[in-house]
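This report refers to the structure that appears directly beneath it.
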Amino acid sequence: QVQLQESGPGLVKPSQTLSLTCTVSGGSITTDYYYWSWIRQPPGKGLEWVGAIGSSGSTYYRPSLKSRTSISKYSSRNQFTLQLRSVTPEDTAVYYCARVSIFDTVRRDLGYWGQGTQVTVSS
(Lines give C-alpha, C1' and ligand atoms only; values in the text may rest on other atoms or scores of the structure.)
Protein backbone atom coordinates (compact mmCIF):
# COMPACT_ATOMS: atom_id res chain seq x y z
CA GLN A 1 0.00 0.00 0.00
CA VAL A 2 1.15 3.54 -0.71
CA GLN A 3 2.73 5.34 2.22
CA LEU A 4 3.95 8.92 2.47
CA GLN A 5 6.25 10.53 5.03
CA GLU A 6 6.88 14.25 5.52
CA SER A 7 10.25 15.49 6.72
CA GLY A 8 11.95 18.83 7.31
CA PRO A 9 12.66 21.43 9.98
CA GLY A 10 9.92 22.00 12.53
CA LEU A 11 10.91 25.61 13.18
CA VAL A 12 11.42 28.32 10.56
CA LYS A 13 12.20 31.98 11.15
CA PRO A 14 10.03 34.73 9.65
CA SER A 15 11.07 35.85 6.15
CA GLN A 16 12.92 32.57 5.54
CA THR A 17 11.90 29.62 3.35
CA LEU A 18 9.90 26.66 4.61
CA SER A 19 11.23 23.49 2.94
CA LEU A 20 9.63 20.06 3.30
CA THR A 21 10.17 16.71 1.61
CA CYS A 22 7.66 13.93 1.07
CA THR A 23 9.08 10.44 0.62
CA VAL A 24 6.78 7.94 -1.09
CA SER A 25 6.90 4.16 -0.75
CA GLY A 26 4.71 1.47 -2.26
CA GLY A 27 4.11 3.52 -5.39
CA SER A 28 5.94 5.64 -7.95
CA ILE A 29 5.54 9.40 -8.34
CA THR A 30 5.98 8.90 -12.09
CA THR A 31 2.78 6.86 -12.36
CA ASP A 32 0.05 8.65 -14.29
CA TYR A 33 -3.49 9.39 -13.04
CA TYR A 34 -2.41 10.89 -9.70
CA TYR A 35 -1.36 14.23 -8.28
CA TRP A 36 1.11 14.75 -5.45
CA SER A 37 -0.30 17.34 -3.12
CA TRP A 38 0.57 19.50 -0.12
CA ILE A 39 -2.16 20.42 2.37
CA ARG A 40 -1.88 22.31 5.65
CA GLN A 41 -3.97 22.91 8.77
CA PRO A 42 -3.30 26.03 10.86
CA PRO A 43 -4.11 25.84 14.58
CA GLY A 44 -7.86 25.91 15.15
CA LYS A 45 -8.64 26.08 11.43
CA GLY A 46 -9.65 23.73 8.67
CA LEU A 47 -7.59 21.98 6.04
CA GLU A 48 -6.18 24.24 3.34
CA TRP A 49 -4.86 23.04 0.00
CA VAL A 50 -1.43 24.50 -0.79
CA GLY A 51 -0.49 23.03 -4.15
CA ALA A 52 0.23 19.91 -6.16
CA ILE A 53 2.38 18.43 -8.90
CA GLY A 54 1.31 15.89 -11.50
CA SER A 55 3.24 12.81 -12.55
CA SER A 56 4.37 14.62 -15.70
CA GLY A 57 5.56 17.67 -13.77
CA SER A 58 2.66 20.10 -14.15
CA THR A 59 2.20 22.25 -11.05
CA TYR A 60 -0.88 23.80 -9.46
CA TYR A 61 -0.91 26.33 -6.62
CA ARG A 62 -3.41 27.95 -4.32
CA PRO A 63 -3.87 31.43 -5.85
CA SER A 64 -3.17 33.29 -2.60
CA LEU A 65 0.11 31.40 -2.15
CA LYS A 66 1.23 31.06 -5.76
CA SER A 67 3.82 33.83 -5.69
CA ARG A 68 5.59 32.22 -2.73
CA THR A 69 5.25 28.50 -3.51
CA SER A 70 7.32 25.99 -5.47
CA ILE A 71 6.67 22.24 -5.70
CA SER A 72 9.19 19.90 -7.32
CA LYS A 73 9.57 16.16 -7.73
CA TYR A 74 12.64 13.94 -7.79
CA SER A 75 11.78 10.68 -9.49
CA SER A 76 15.08 8.93 -8.73
CA ARG A 77 14.40 9.30 -5.01
CA ASN A 78 10.60 8.92 -5.23
CA GLN A 79 10.23 12.24 -3.44
CA PHE A 80 8.50 15.55 -3.93
CA THR A 81 9.13 18.81 -2.12
CA LEU A 82 7.50 22.02 -0.96
CA GLN A 83 9.18 25.40 -0.71
CA LEU A 84 7.20 28.27 0.78
CA ARG A 85 9.15 31.51 0.71
CA SER A 86 8.94 34.64 2.88
CA VAL A 87 7.04 32.90 5.65
CA THR A 88 5.18 34.64 8.47
CA PRO A 89 3.63 33.29 11.68
CA GLU A 90 0.37 32.82 9.71
CA ASP A 91 2.11 29.98 7.86
CA THR A 92 2.37 27.99 11.11
CA ALA A 93 0.48 24.73 10.56
CA VAL A 94 0.58 20.98 10.38
CA TYR A 95 1.70 20.20 6.83
CA TYR A 96 0.60 17.03 5.04
CA CYS A 97 1.63 15.46 1.77
CA ALA A 98 -0.79 13.25 -0.13
CA ARG A 99 -1.41 11.25 -3.29
CA VAL A 100 -4.76 12.37 -4.64
CA SER A 101 -6.95 11.87 -7.68
CA ILE A 102 -8.18 15.50 -7.68
CA PHE A 103 -5.34 17.97 -7.44
CA ASP A 104 -6.92 20.52 -5.07
CA THR A 105 -8.92 18.21 -2.81
CA VAL A 106 -8.67 18.19 0.99
CA ARG A 107 -10.79 15.06 1.33
CA ARG A 108 -8.89 12.26 3.03
CA ASP A 109 -11.03 9.61 1.36
CA LEU A 110 -9.79 10.67 -2.09
CA GLY A 111 -6.18 9.70 -1.52
CA TYR A 112 -3.37 8.53 0.70
CA TRP A 113 -2.02 11.01 3.26
CA GLY A 114 1.10 11.20 5.36
CA GLN A 115 0.88 11.60 9.11
CA GLY A 116 1.66 15.32 8.93
CA THR A 117 4.47 17.39 10.39
CA GLN A 118 4.22 20.48 12.58
CA VAL A 119 5.96 23.58 11.24
CA THR A 120 6.17 26.65 13.45
CA VAL A 121 7.20 30.05 12.11
CA SER A 122 8.72 32.04 14.95
CA SER A 123 11.77 34.08 15.81
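Residues take their numbers from the sequence shown, with the count starting at 1.
Note that Arg108 lies in the cation-pi zone of Tyr96, set by a 6.0 Å cut-off to the ring centre and a 45° limit from the axis.
Residues Thr30 and Ser55 have side chains not in contact (no heavy-atom distance under 4.5 Å, counting atoms from C-beta outward). No side-chain heavy atom of Ile53 sits under 4.5 Å from any side-chain heavy atom of Trp38. Between Arg85 and Ser67, every side-chain heavy-atom pair lies at or beyond the 4.5 Å cut-off. Looking at heavy atoms from C-beta onward, Arg99 lies in side-chain contact with Trp36 at the 4.5 angstrom threshold. Using a 4.5 Å heavy-atom cutoff, the side chains of Leu4 and Thr23 are not in contact. Residues Thr81 and Leu20 fail the side-chain proximity criterion, which asks for heavy atoms closer than 4.5 Å. At a threshold of 4.5 Å between non-hydrogen side-chain atoms, the residues Tyr74 and Thr21 do not count as touching. No side-chain heavy atom of Leu110 sits under 4.5 Å from any side-chain heavy atom of Val100.
Within the 3.5 Å criterion, the main-chain N or O of Ile71 finds a donor-acceptor partner in the side chain of Tyr61. At least one donor-acceptor pair under 3.5 Å links the side chain of Thr92 to the backbone N or O of Val121. Judged purely by atom type and a 3.5 angstrom limit, Glu6 has no side-chain atom pairing as donor or acceptor with the backbone of Cys22.
Nearest heavy-atom pair across Ala93 and Pro43 is CA-CD, 4.5 Å. Minimum interatomic distance between Pro9 and Ser19 (heavy atoms only, all atoms of both residues): CD-O, 3.6 Å. The two atoms that bring Arg107 and Asp109 nearest to each other are NH2-OD2, 2.8 Å, heavy atoms only. Nearest heavy-atom pair, Ile29 versus Lys73, reported as atom, atom and distance to 0.1 Å: CD1-CB, 3.8 Å. The minimum heavy-atom distance linking Ser123 with Pro14 is given by the pair N-CD, 3.6 Å.
A salt bridge does not link Arg62 with Asp104: none of the charged nitrogens is closer than 4.0 Å to a carboxylate oxygen.
Atom-to-atom distance recorded for Leu65:CG and Ser70:OG is 11.5 Å, nearest 0.5 angstrom. Between Thr88 atom OG1 and Arg68 atom CZ the span is 6.0 Å, to the nearest 0.5 Å. To the nearest 0.5 Å, atoms CH2 (Trp113) and CD1 (Ile39) are separated by 4.0 Å. Atom NZ of residue Lys13 and atom OG of residue Ser15 lie 9.5 Å apart, to the nearest 0.5 angstrom. The line from CD of Gln5 to CD of Gln79 is 11.0 Å long, rounded to the nearest 0.5 Å. Taken from CG in Leu11 to CD in Gln118, the straight-line distance is 10.0 Å, to the nearest 0.5 Å.
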*What's the verdict on side-chain contact (heavy atoms from CB on, under 4.5 Å) for Ser28 and Asn78, showing C-alpha distance, side-chain angles and the deciding distance?*
CA-CA 6 Å; Ser28 174; Asn78 219 34; 4.1 Å; yes

_Under the criterion side-chain contact (heavy atoms from CB on, under 4.5 Å), I'd like the reasoning laid out for Tyr35 against Ile102: C-alpha separation, chi angles, the key distance, then a yes or no._
CA-CA 7 Å; Tyr35 302 92; Ile102 301 173; over 6 Å; no

_Run the side-chain contact (heavy atoms from CB on, under 4.5 Å) test on Tyr95 and Leu18 for me, step by step, so that the C-alpha distance in whole Å, both residues' side-chain angles and the decisive distance to 0.1 Å come before the verdict._
CA-CA 11 Å; Tyr95 283 75; Leu18 183 160; 3.7 Å; yes

*When you look at Leu84 and Asp91, which way does the side-chain contact (heavy atoms from CB on, under 4.5 Å) test go after all the steps?*
CA-CA 9 Å; Leu84 183 63; Asp91 294 310; 3.7 Å; yes

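Leu82 and Val87 end up in the same hydrophobic cluster when Ile, Leu, Val, Met, Phe, Trp and Tyr side chains are linked at under 4.5 Å. Linking ILVMFWY side-chain heavy atoms closer than 4.5 Å, directly or via other members, places Trp49 and Leu47 in a single hydrophobic cluster. Taking hydrophobic clusters as Ile, Leu, Val, Met, Phe, Trp and Tyr residues chained together by side-chain heavy-atom distances below 4.5 Å, Phe80 shares a cluster with Tyr112.
Within 6.0 Å of CD on Gln3 lie no more than 12 heavy atoms contributed by other residues, nucleotides or ligands.
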